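Reading through the structure tokens given below for one structure.
No experiment lies behind these values; they were computed from the predicted model shown.
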Amino acid sequence: MSHWRPLPDTLDTDAQHLAEELRVLKERTGLSLDGLARKTPYSKSAWHRYLNGEKLPPRSAVEALGQVAGADQERLLAVYDAAYRARTAPVPDPAEAPTVPVAAERTGRARAMLRSAGALRTAGALVALTALVATMGAAASIVQIPARAARTDGDASPACHGHRCQGRYPWRFGCNRDARAESTHVDTTYTVRLRFSPSCGTVWSEVQPHSGGAQKVSIWVGRDARLTSHPRGREGLAVSPMLATSDLRQAVACAKVTDRVACTGAVELTSPARPKDGDDFPGTKFLERVTR
């Protein structure tokens, strides 16, 4: 029987319930933290934080422990979902997102005018209306919104899936609609999330600075990566392009804010770290170093 330390007083009821449930399952396995690390994709230090309520575990970690312990996965994930909802506040769309409704609004006005074209009896009026529609199409291309993304903004299904989404931004293709945070790193200066969209089959990195600005935001799956850079720092929510994956155990979300670095997912940093030895964040050398 393990001797557990008291859970932090700052934990809400749902997070405390989850931590207690995970402790029960860990005891059921009869494994030490080292043994649990060998049976799952997560390190001994990660399990130490999860089981002591220091960090909300990613959903995949909860599933992994449930499989090892032979738990009722449906019940276990319901406990996790309650803790996640209580822990994570809704996230506003980034600055890129408002450009889509602008194009949709313009396109909507053009379509409304087309529907009223029956009242326009002269050929000259129809020519003018056609010119207006062409102008609206040009406006959409100026703000660099793919026409297909603008048309599907109100649809139930996303505009891309899997590798067709790769390198694109989630809000422009509807992948944010069912997105969930698979892992979260909370720091005093910023919060980094690994986001996953089941409908698009993609992951991406999301950072919300509380002070300063995001300079780099990256997403990794194995050695494949996508990166967004903001040399002057971006205030407010910033996201990386998407990567297609069905294996969340290899996904890592990283961000650099005011020369501080944090990652979450397959690589967990307990506190922001500064790249050493000239490593250019984000790079394979940096990720290999922090996993050792």
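In terms of heavy atoms, Val257 sits closest to Ala214 at CG2-CA, 3.9 Å. When all heavy atoms of Lys44 and Ala37 are compared, the closest pair comes out as N-CB, 3.6 Å. Across all their heavy atoms, Val62 and Gln73 have their closest contact at O-OE1, 4.5 Å. Glu182 and Ser60 get closest at one heavy-atom pair: OE1-N, 3.8 Å. The two residues Leu227 and Ser218 have their closest heavy-atom pair at CD1-CB, 4.0 Å.
Side-chain contact between Glu27 and Trp4 is present, with heavy atoms from C-beta onward closer than 4.5 Å. Between Leu194 and Val203 there is a side-chain heavy-atom pair separated by less than 4.5 Å. Taking 4.5 Å as the limit, some side-chain heavy atom of Lys39 sits within range of a side-chain heavy atom of Leu31. Side-chain contact check for Trp171 versus Val239: some heavy-atom pair is nearer than 4.5 Å. Taking 4.5 Å as the limit, some side-chain heavy atom of Arg85 sits within range of a side-chain heavy atom of Asp81.
Within the model, atoms OH of Tyr80 and CG of Asp14 stand 12.5 Å from one another, a figure rounded to the nearest 0.5 Å. For the atom pair CG (Leu22) and CZ (Arg28), the distance works out to 11.5 Å, reported to the nearest 0.5 Å. For the atom pair Thr191 OG1 and Glu206 CD, the distance stands at 9.5 Å (nearest 0.5 Å). Atoms CZ and CG, from Arg23 and Leu18 in turn, are 11.0 Å apart once rounded to the nearest 0.5 Å. Separation of atoms CZ (Arg193) and CG (Leu237) is listed at 8.0 Å; rounding is to 0.5 Å. Note that NE2 of His161 and CZ of Arg164 are 10.5 Å apart. Values are rounded to the nearest 0.5 Å.
Residue Arg249 qualifies as open at atom CZ: its count of foreign heavy atoms under 6.0 Å is 12 or below. Residue His210 places its NE2 atom among more than 12 non-hydrogen atoms of other residues, nucleotides or ligands, all under 6.0 Å distant. Counting non-hydrogen atoms of neighbouring residues, nucleotides and ligands closer than 6.0 angstrom, the CG atom of Asp9 reaches no more than 12 such neighbours.
Under the 3.5 Å distance criterion, with hydrogens and angles disregarded, no donor-acceptor pair is assigned to the side chains of Tyr84 and Thr184. Inspection of the Glu63 and Gln67 side chains reveals no N or O donor paired with an N or O acceptor under 3.5 Å. At a cut-off of 3.5 Å, with distance as the only test, a side-chain donor of Ser183 or Glu268 sits close to an acceptor on the other residue.
Leu243 and Phe196 fall within a single hydrophobic cluster, where Ile, Leu, Val, Met, Phe, Trp and Tyr are joined by side-chain heavy atoms under 4.5 Å apart, directly or via other members. Leu56 and Leu7 are assigned to two separate hydrophobic clusters, defined by single-linkage of ILVMFWY side chains at heavy-atom distances under 4.5 Å. The cluster map of Ile, Leu, Val, Met, Phe, Trp and Tyr, joined by side-chain heavy atoms under 4.5 Å apart, puts Leu77 and Tyr50 in the same cluster. Follow the hydrophobic side-chain contacts under 4.5 Å out from Val267 and you reach Trp220 in the same cluster. No single ILVMFWY cluster, assembled from side-chain heavy atoms under 4.5 Å apart, contains both Ile219 and Val217.
A donor-acceptor contact shorter than 3.5 Å is absent between the side chain of Asn52 and the backbone of Glu54. In terms of modelled atom types and a separation under 3.5 Å, the side chain of Gln166 and the main chain of Ala244 share a donor-acceptor contact.
Considering Cys200, Cys160, Cys165 as possible partners of Cys175, the one that fulfils the disulfide (SG to SG under 2.5 Å) test is Cys200. Across Asp178, Asn176, Thr202, a single residue satisfies side chain to side chain donor-acceptor pair (under 3.5 Å) together with Ser197, and that is Asp178.
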### Query
Does the pair Leu76 and Leu25 meet the rule for a side-chain contact (heavy atoms from CB on, under 4.5 Å), with working shown?
CA-CA 10 Å; Leu76 177 61; Leu25 293 178; 3.8 Å; yes
#### Entry: side-chain contact (heavy atoms from CB on, under 4.5 Å) assessment of Arg38 paired with Asp34
CA-CA 6 Å; Arg38 288 193 293 270; Asp34 282 325; 3.9 Å; yes
### Task
Please report the C-alpha distance between Gln250 and Thr245 in whole Å, then the side-chain angles of each, then the deciding distance to 0.1 Å, and finally whether the side-chain contact (heavy atoms from CB on, under 4.5 Å) criterion is met.
CA-CA 9 Å; Gln250 298 187 47; Thr245 186; 5.8 Å; no
### Query
side-chain hydrogen bond (donor to acceptor under 3.5 Å, both in side chains) between Ser240 and Ser205: does it pass, once the steps are laid out?
CA-CA 5 Å; Ser240 73; Ser205 175; 4.9 Å; no
#### Entry: Intermediate values then yes/no, side-chain contact (heavy atoms from CB on, under 4.5 Å), Lys55 and Thr264
CA-CA 11 Å; Lys55 179 179 173 63; Thr264 188; 3.9 Å; yes
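In this pair, Tyr42 and Trp47 present their aromatic rings perpendicular. The plane angle is above 60°, beyond the 30 to 60° band.
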